[in-house]
Amino acid sequence: YIQSKALVYSKHGEPSDVLKLHTHSISPSIPSSSVLVRTLAASINPADINTIQGTYGSKQPMTSLIGTAEPSAVPGNEGVFEVVSVGNSSLSLKKGDWVIPAAPQIGTWRTHAVFEANHLLKIDKKDLTPTQVATVSINPCTAYRILRDYGPSAGLKTGLPMRPLKIGSGEWFIQNGANSGVGRAAIQFGRLWGLRSINVIRDRDSMEETEALKQELISLGADVVVSESQLLSRDWKDQLADVTRGGREQIGLALNCVGGKSATSLARSLGEGATLVSYGGMSKQPVTLPLGLLIFKDIRFVGFWLSKWNQKDATGRKHMVDDILNLIRLGHFKDVPMDEVKWDWDTKETPLKEAVQGGLKGFRKGKGVFLF
Ligand code: NDP
């Protein structure tokens, strides 16, 4: 028998209140369609916390499959596992392979698991680290999809292996939450694909810190980085005109991670017929849309949800993941800053729960990643 530990919750609430560390054993005789895996790394994303809180767009089923006293669920949507053993030697997976989830909400915050082989996607681990693979499938894929599906490339057939192909010739997009995982990915794909970006970050405690973050994003490939106070100021219109040569270069796309006033201001920055894609609501504030933008400028307001896209195009997803991993291997795409949380057999419940609870806080140094 293999001993395994998992974070579980049996009712919705704040992670620090409802998460428990559960120990159980896994029988070595696994079903023939399944594989036994050990987790190498698993990330903590805002959506995981919202799922535990019960405020996310989908809920996890609660079961007693891993022997918890009450029906429960294992959180975690993203991670990388190593195959330890297979239920049947004719499966396409072999011992030592690296896999990521192919099914939604399979629960990555655990040391070991038994999964259906077809709920996993094998990846080529060559020259990659566990944290690089563990963080590839949500943030970078969201940025990739939004830029491809709503940027100047919109209409390009999806599902094709994408190379670092030039799809724009300097078209602008604007985004808030630019230092988020998704935002940093959008900056980098934008640079690789010939788009130019205007990036909004929240003001830090001091000018120096704000400036340091601006420089960090510029080194990733951002063309323009402004603080939220600039975006919301009266001068923004003039500043934007300077950037876009008096409005001769129109902004065709906005990526909204934040909501509230910041989103309204992104919408006001857009050109005729442009699209604002909302994918996150970090400020928890609703978006107010001036009617003039709808009527006179015909701005499109749409939402994007990766989970739904993944279900529609599994092959396209595989190509996208492979493409991004390849960009990482070639040194064209950098990881987000990470806050590594060691999880070994002796790790207690409290530091794990605290790491999760901290994952929605603002002004963080990096994305939380459990490292096993
Ligand atoms: P990260 O944890 O990497 O970054 C969080 C971002 O949110 C930072 O830019 C942070 O800025 C900002 N932020 C935090 N608190 C606030 C606040 N109160 N007001 C304004 N901004 C704030 O996040 P991810 O990139 O993983 O996710 C970002 C958003 O995108 C989340 O809402 C997430 O759920 C969503 N998302 C949606 C997907 C979809 O399919 N629709 C897929 C992936 C993510 P600062 O440093 O200034 O605090």
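Both counts, for ligands and for their atoms, begin at 1 and track the order of listing.
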Neighbour count above 12 (heavy atom, 6.0 Å) for Lys95 NZ: no
N/O separation below 3.5 Å, Asn179 to ligand 1: yes
Distance filter under 4.0 Å to Phe363 heavy atoms, resulting ligand 1 atoms: 45 (P), 46 (O), 47 (O), 48 (O)
Lys284, portion touching ligand 1 at heavy-atom distance under 4.0 Å: neither
Per-atom contacts of ligand 1 with Asn45, taking only distances under 4.0 Å to non-hydrogen atoms: 26 (O)
From CA spacing to verdict: side-chain contact (heavy atoms from CB on, under 4.5 Å), Tyr279, Trp305: CA-CA 7 Å; Tyr279 67 89; Trp305 193 19; over 6 Å; no
Arg300/Asp298 salt bridge by N-O under 4.0 Å criterion: yes
Interfacing atoms of ligand 1 (cut-off 4.0 Å, heavy-atom, Val258): 20 (C), 21 (N)
Atoms in ligand 1 flagged as close to Phe304, the criterion being non-hydrogen separation under 4.0 Å: 39 (C), 40 (O), 41 (N)
Quiz item: cation-pi between Arg38 and Phe81, 6.0 Å / 45°: no
Atoms in ligand 1 flagged as close to Gly181, the criterion being non-hydrogen separation under 4.0 Å: 1 (P), 3 (O), 25 (O)
Atom 33 (C) of ligand 1 - nearest protein heavy atom and its distance: Pro46 CB, 3.9 Å
Leu306: numbered ligand 1 atoms lying under 4.0 Å from its heavy atoms: 39 (C), 40 (O)
Carboxylate-amine/guanidinium contact Arg204 Glu211, below 4.0 Å: no
Atom indices of ligand 1, in the order listed, that fall short of 4.0 Å to a heavy atom of Gly281: 32 (O)
Ligand-side contact atoms (ligand 1) for residue partner Cys257, heavy atom cut-off under 4.0 Å: 28 (C), 29 (C)
Stepwise side-chain contact (heavy atoms from CB on, under 4.5 Å) check, Ser137 with Arg317: CA-CA 9 Å; Ser137 66; Arg317 176 176 186 252; 3.5 Å; yes
Exercise: do Gln230 and Ser233 side chains pair donor with acceptor under 3.5 Å: no
Nearest neighbour of atom 4 (O) of ligand 1 from the list Ala178, Ser283, Ser180, on a heavy-atom basis: Ser180
Lys126 side-chain N/O to Arg329 backbone N/O, donor-acceptor pair under 3.5 Å: no
